[in-house]
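Throughout, a chain's letter reflects where its sequence line sits, starting with A, and its residues are numbered from 1.
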There are 2 protein chains.
Amino acid sequence: MASDVIQQQINHAIIEFYERLSSWEQSVVRDQGVSLAQIHAVEILGANGPLRMKDLADKLGVTTGTLTVLVDRLVKNGLVERQTTEGDRRAVAVNLTASGQQMFAEHDQLHLQLTKEMTAALDATECQQFLSFLERINRAF
Amino acid sequence: MASDVIQQQINHAIIEFYERLSSWEQSVVRDQGVSLAQIHAVEILGANGPLRMKDLADKLGVTTGTLTVLVDRLVKNGLVERQTTEGDRRAVAVNLTASGQQMFAEHDQLHLQLTKEMTAALDATECQQFLSFLERINRAF
DNA sequence: CTAGAATAGTTTGACTATCAAGTTAATTGA
DNA sequence: TCAATTAACTTGATAGTCAAACTATTCTAG
């Protein structure tokens, strides 16, 4: 456990990092003609594979009511499709279409470009360490 | 410079980290009765002090048209105030009110709590390194 | 000095995002 | 079996967002 001062500094560095990423993502999606909420859904589905509405809503931090209309628009835009799930006839799985996969791939490339700019500030060993830290942190919350 | 494989892994770890933070923030602000966009503005103003509309819009990643209506609502909610700036009569500075400062402080405390949960996965030395990496990355993009 | 270009911010109209609360259908469990 | 829970959808209200057009300043090239 680190000291309170370090915790505070990490906290503010994380907030700044998060705000910068948000700002970048917002600008990027505006240029691609898709909304922030929609690209978030595509990113999560691309990383996790098909998800039920409830699980996707949890990962997005929104209610299922909000997600229903979001998925409606994603379907209309041809990026995802709804699928019935075996085992629970109430549940609906959301899956990327081929077009959705492609948008995910393109967006992922933009992220990779940004990641390269970020990690230019670190050498190879530090990148390894940074990756290890991130993975452990992601598991911790 | 690290290998492409490591870059890819870091990229996906960053995306996951970002998505989790977004989800957390979205849930937190819902419980506080304020919107995500509004708390982002408050966070940025709290960290940077008064900003002109253009600068704040840049940091949020939105257009000035969007920001105008956002600031209108923040003013109505008593969280910020518009101030004239000396030197350029076109410019408008946005500043947190006392109430806005308080909301910033409360929200910052919630972030600190989350940061502590995250960094529980790291020891003191690793926290120091992680902070150093974040600060350098924040400077790099 | 001054006219045209650039910049800061606002307004408008159309669309999207979001929530809470209520609804329907399916599942669980006592 | 049937009451409680869960998954998803619907609805009505409010907020967020953009592009494009607009006003008021400031800058700049001649």
Side-chain angles (χ1 to χ4, degrees), chain A residues 19 22-44 50-95, chain B residues 19 22-44 50-95:
Chain A
E19 294 290 348
S22 291
S23 171
W24 175 86
E25 185 118 290
Q26 184 104 35
S27 303
V28 161
V29 301
R30 177 162 63 248
D31 296 343
Q32 293 191 316
V34 61
S35 78
L36 193 56
Q38 288 181 19
I39 205 68
H40 276 181
V42 168
E43 279 183 317
I44 290 173
L51 287 175
R52 294 166 163 223
M53 293 291 288
K54 186 63 171 62
D55 295 332
L56 181 53
D58 286 345
K59 283 182 187 292
L60 284 167
V62 299
T63 64
T64 58
T66 295
L67 185 58
T68 293
V69 315
L70 179 59
V71 168
D72 285 347
R73 289 199 180 102
L74 287 168
V75 168
K76 202 167 72 179
N77 293 348
L79 297 173
V80 309
E81 56 194 1
R82 285 184 168 93
Q83 297 172 334
T84 58
T85 59
E86 73 287 3
D88 189 338
R89 280 183 295 175
R90 294 169 305 180
V92 173
V94 186
N95 196 10
Chain B
E19 295 290 348
S22 291
S23 171
W24 175 86
E25 186 117 290
Q26 184 103 35
S27 302
V28 161
V29 301
R30 177 164 61 248
D31 295 343
Q32 292 191 317
V34 62
S35 77
L36 193 55
Q38 290 181 19
I39 206 69
H40 276 182
V42 168
E43 280 183 317
I44 290 172
L51 288 175
R52 294 167 165 222
M53 293 292 288
K54 186 64 171 60
D55 295 330
L56 181 53
D58 286 346
K59 283 184 188 290
L60 285 167
V62 300
T63 64
T64 58
T66 296
L67 185 58
T68 293
V69 315
L70 179 59
V71 168
D72 285 347
R73 290 197 181 104
L74 286 167
V75 168
K76 203 168 69 179
N77 294 346
L79 297 172
V80 309
E81 57 194 359
R82 284 184 168 93
Q83 297 172 332
T84 58
T85 60
E86 74 288 4
D88 189 340
R89 277 184 296 174
R90 293 168 304 179
V92 173
V94 185
N95 196 11

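A donor and an acceptor atom sit less than 3.5 Å apart, one in the side chain of R90(B) and one in the base of dT7(C).
Taking 4.0 angstrom as the limit, R73(A) places a side-chain polar atom (N or O) nearer than this to OP1 or OP2 of dA17(C). Using a 4.0 Å cut-off, some side-chain N or O of Q38(A) falls inside it from OP1 or OP2 of dA17(C).
Residues V34(A) and V29(A) form a side-chain contact, since some pair of their non-hydrogen atoms from C-beta on lies under 4.5 Å apart. Contact of the V92(B) side chain with the T84(B) side chain is not registered, since no non-hydrogen atoms from C-beta on lie closer than 4.5 Å.
Atoms CD and NE2, on Q26(B) and H40(A) in that order, are 9.0 Å from each other to the nearest 0.5 Å. The NZ atom of K54(A) sits 11.0 Å away from atom CG of L56(A), with the distance rounded to the nearest 0.5 Å. Here R52(B) contributes atom CZ and D88(B) contributes atom CG; the two are 5.0 Å apart, rounded to the nearest 0.5 Å. Expressed to the nearest 0.5 Å, how far CD of E19(B) lies from CD of E43(A) amounts to 4.5 Å. Rounding to the nearest 0.5 Å places CG of L36(A) at 6.0 Å from CD of E25(A). I44(A) CD1 to S22(B) OG: the interatomic distance, rounded to the nearest 0.5 Å, is 8.5 Å.
Shown are D58(B), L74(B), D72(B), L60(B); of these, the side-chain contact (heavy atoms from CB on, under 4.5 Å) with L67(B) is made only by L60(B).
Rounded to whole Å, the distance from CD on E86(A) to P on dA26(C) is 17 Å. Atom NZ of K76(A) is separated from atom C1' of dA17(C) by 13 Å (rounded to the nearest Å). The nearest whole Å value for the distance from the CD atom in Q26(B) to the C1' atom in dC19(C) is 10 Å. Remark: P of dC19(C) and CG of L70(A) are 11 Å apart, rounded to the nearest angstrom. In this structure, CG of D72(A) is placed 14 Å from C1' of dT18(C), rounded to the nearest angstrom.
Nucleotides of DNA chain D lying under 4.0 Å from heavy atoms of chain A occupy a range whose first and last members, 5' to 3', are dT6(D) to dA19(D).
Each of L36(A) and A91(B) lies near DNA chain C, and the nucleotide nearest A91(B) is the one positioned closer to the 5' end. Taking the nucleotide of DNA chain D with the nearest heavy atom to each of R30(A) and T68(A), the more 5' of the two is matched to T68(A).
At a non-hydrogen distance threshold of 4.0 Å, R52(B), M53(B), K54(B), T64(B), G65(B) from residues 50-66 of chain B come into contact with DNA chain C.
Within 4.0 Å of L67(B), counting heavy atoms only, lies no atom of the nucleic acid at all.
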